[in-house]
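Here the structure is a predicted model, which is why all the values come from computation and not from measurement. Any value given below was found using the heavy atoms of this structure, including those in side chains, with hydrogens, waters and symmetry copies removed. Residue numbering restarts at 1 for every chain, and letters A, B, ... go by the order of the sequence lines.
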2 protein chains.
Amino acid sequence: MIISLDLQSESPLYIQLRNKIIEGIASKQLLPGEALPSVRTMAADLGVNMHTINKAYQLLKQDGFIHIHRQKGVVINPDSMPELNKEYLKNLTESLQPLISEAICRGMKVEEFLKISKELYHQLLTGGDQK
Amino acid sequence: MIISLDLQSESPLYIQLRNKIIEGIASKQLLPGEALPSVRTMAADLGVNMHTINKAYQLLKQDGFIHIHRQKGVVINPDSMPELNKEYLKNLTESLQPLISEAICRGMKVEEFLKISKELYHQLLTGGDQK
DNA sequence: TTATCTGTTATATTGATTGTATAACAGATA
DNA sequence: TATCTGTTATACAATCAATATAACAGATAA
């Protein structure tokens, strides 16, 4: 899976990386049990510092998306994915709230918002069908 | 309209304020032409610095949500709201992408995601019907 | 006229976040 | 033994978030 970071983006590099990997899992470009590059390799590939990669990996580990073995390396969680628990749902709602509020202000109808979300959902599921 | 900020939140105060005002417009708690407190008054009300308020107002002005007259003060844009233009739609998509990706990973079906969005949309429209 | 209100601008300071740069460590493996 | 893992510790620079004062121009109300 090819990953690139946007150095011009306002969102931090380690957040971008976290999201790209989650996106990879969602689209099955990254499969359960699949190995990820070591922090040093990934850092070299992306042209950023090792600690930036480590920060992203720690976030993913904390939520249960990946497993980290001190010697074996990093793999996509082979057994399960994090749950749809209350904390996550609260977080999701709080993230959606400002997006939907602004959409309403700009005159977007609920059907239009749902259409965009639905299309995005299916698009992410297949991920453009790249390897 | 009552506004409160969360000092513990990871999102900046001026972003929180921006979002609260947009939420107020969406729910019609803030109406076109309605005046907002001056930067100093709002700062005193919320217990934060004047410049924090000013930063939020500048963002809102830049997008066209409010008008600022150097002497008259700040009012909700009486004539129109910002459009559903390409730039905004691109921005919306980029914001939704990581949320939907994570939802997919956690096993949320598209129907469930759309249901949450739809309910949130209508909930924000009425805003709990407070003044 | 004077005092007070508006947004605006400038400057300085503090603290946290982001990202980089090195270095070292323990354990497994080739 | 050399090399690879993740981990940890420091240090540093740049940026961001937020505060603290202060001053200004213009409008308005006393």
Side-chain angles (χ1 to χ4, degrees), chain A residues 3-21 30 33-78 91 94-95 98, chain B residues 3-22 30 33-78 94-95 98:
Chain A
I3 291 180
S4 63
L5 302 180
D6 179 8
L7 299 178
Q8 313 303 320
S9 169
E10 48 188 320
S11 97
L13 297 175
Y14 72 96
I15 295 289
Q16 287 183 52
L17 178 55
R18 187 200 96 113
N19 290 340
K20 290 266 189 180
I21 292 175
L30 297 174
E34 183 170 343
L36 287 178
S38 75
V39 288
R40 290 175 178 84
T41 302
M42 181 72 94
D45 288 354
L46 300 183
V48 300
N49 193 270
M50 184 196 68
H51 295 95
T52 304
I53 308 297
N54 192 249
K55 207 165 174 180
Y57 280 1
Q58 289 300 324
L59 282 182
L60 291 164
K61 171 190 170 190
Q62 188 179 311
D63 286 337
F65 289 103
I66 64 176
H67 281 176
I68 302 182
H69 293 89
R70 199 181 178 105
Q71 283 81 25
K72 297 180 188 175
V74 181
V75 297
I76 306 296
N77 188 329
N91 195 286
E94 286 174 358
S95 299
Chain B
I3 291 180
S4 63
L5 301 180
D6 179 8
L7 299 178
Q8 313 302 321
S9 169
E10 49 188 320
S11 96
L13 297 175
Y14 72 96
I15 296 290
Q16 287 183 52
L17 178 56
R18 187 200 94 113
N19 289 340
K20 291 267 189 180
I21 292 175
I22 289 178
L30 297 174
E34 184 170 343
L36 287 178
S38 74
V39 288
R40 289 174 178 86
T41 303
M42 179 74 94
D45 288 353
L46 299 183
V48 300
N49 192 271
M50 184 196 68
H51 293 94
T52 305
I53 308 297
N54 191 248
K55 208 166 174 180
Y57 280 0
Q58 289 301 323
L59 282 183
L60 290 164
K61 171 190 170 190
Q62 187 179 312
D63 286 337
F65 289 102
I66 64 176
H67 280 178
I68 303 183
H69 294 90
R70 199 180 180 106
Q71 283 82 26
K72 298 181 187 175
V74 180
V75 298
I76 307 296
N77 188 328
E94 286 174 358
S95 299

> Under the salt bridge (Lys or Arg N to Asp or Glu O under 4.0 Å) definition, can you give me all pairs with a residue in residues 4-18 of chain B, not counting sequence neighbours?
A:Glu102-B:Arg18, B:Arg18-B:Asp63
> Where is the tightest heavy-atom contact between B:Gln16 and B:Ser11, given as atom of each residue plus distance?
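Looking at all heavy atoms of both residues, the closest pair is NE2-O, 2.9 Å.
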> Counting C-beta onward and ignoring hydrogens, is there a side-chain heavy-atom pair between B:Ile22 and B:Leu60 closer than 4.5 Å?
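B:Ile22 vs B:Leu60: side chains touch.
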> Which residues in residues 64-75 of chain A have a heavy atom closer than 4.0 Å to any atom of DNA chain D?
A:Ile68, A:His69, A:Arg70, A:Gln71, A:Gly73, A:Val74
> Considering only heavy atoms, which members of residues 46-56 of chain B lie under 4.0 Å from some atom of DNA chain C?
B:Met50, B:His51, B:Asn54
> Under a 4.0 Å heavy-atom cut-off, which of residues 6-18 of chain A touch DNA chain C?
A:Pro12, A:Leu13, A:Tyr14
> Taking Watson-Crick (N1-N3 plus N6-O4 or O6-N4) and G-U wobble (N1-O2, O6-N3), each under 3.5 Å, can you produce the dot-bracket string of DNA chain C? Use [ ] for crossing pairs and | for inter-strand ones.
||||||||||||||||||||||||||||||
> Going by the rule side-chain contact (heavy atoms from CB on, under 4.5 Å), which residues pair with A:Glu94 if we only count those two or more places apart in sequence or in a different chain?
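Partners of A:Glu94 under the side-chain contact (heavy atoms from CB on, under 4.5 Å) test: A:Lys90.
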> With side-chain contact (heavy atoms from CB on, under 4.5 Å) as the test, would you mind laying out the steps for B:Phe65 and B:Asn77 before giving the verdict?
CA-CA 6 Å; B:Phe65 289 102; B:Asn77 188 328; 6.0 Å; no
> Please, which pairs that meet salt bridge (Lys or Arg N to Asp or Glu O under 4.0 Å) have at least one residue in residues 64-75 of chain B, sequence neighbours excluded?
none
> Say you draw a straight line from CD1 of A:Ile76 to CG of A:Leu30; how long is it, rounded to the nearest 0.5 Å?
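One finds 4.5 Å between CD1 of A:Ile76 and CG of A:Leu30.
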> Would you check, one step at a time, whether the test side-chain contact (heavy atoms from CB on, under 4.5 Å) holds for A:Asn54 with A:Met50?
CA-CA 6 Å; A:Asn54 192 249; A:Met50 184 196 68; 5.6 Å; no
> Would you name the heavy atoms of A:Pro98 and A:Ser95 that are closest together and state the gap between them?
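Where A:Pro98 meets A:Ser95 most closely, the heavy atoms are CD-O, 3.5 Å.
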> Check whether any side-chain heavy atom of A:Leu59 sits under 4.5 Å from a side-chain heavy atom of A:Ile15, and report yes or no.
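Yes - at least one pair of side-chain heavy atoms lies under 4.5 Å apart.
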> Could you tell me which non-hydrogen atom of A:Leu17 sits nearest to which non-hydrogen atom of A:Leu5, and how far apart they are?
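Smallest heavy-atom distance, with atoms named: N-CD2, 4.0 Å.
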> Which residues pass the side-chain contact (heavy atoms from CB on, under 4.5 Å) test with B:Ser38, not counting sequence neighbours?
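Listed in chain order: B:Arg40, B:Thr41.
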> Suppose we screen for side-chain hydrogen bond (donor to acceptor under 3.5 Å, both in side chains). Which residues come up paired with A:Asn91, at least two apart in sequence or across chains?
none
> Where does the chain A footprint on DNA chain C start and end, counting 5' to 3' with a 4.0 Å heavy-atom cut-off?
C:dT18 to C:dA28
> Can you name the side-chain contact (heavy atoms from CB on, under 4.5 Å) partners of A:Lys20, sequence neighbours left out?
A:Ile3, A:Ser4
> Excluding sequence neighbours, so at least two apart, what forms side-chain contact (heavy atoms from CB on, under 4.5 Å) with B:Ile68?
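By the side-chain contact (heavy atoms from CB on, under 4.5 Å) rule, B:Ile68 matches B:Tyr57, B:Gln58, B:Lys61, B:Ile66, B:Val74.
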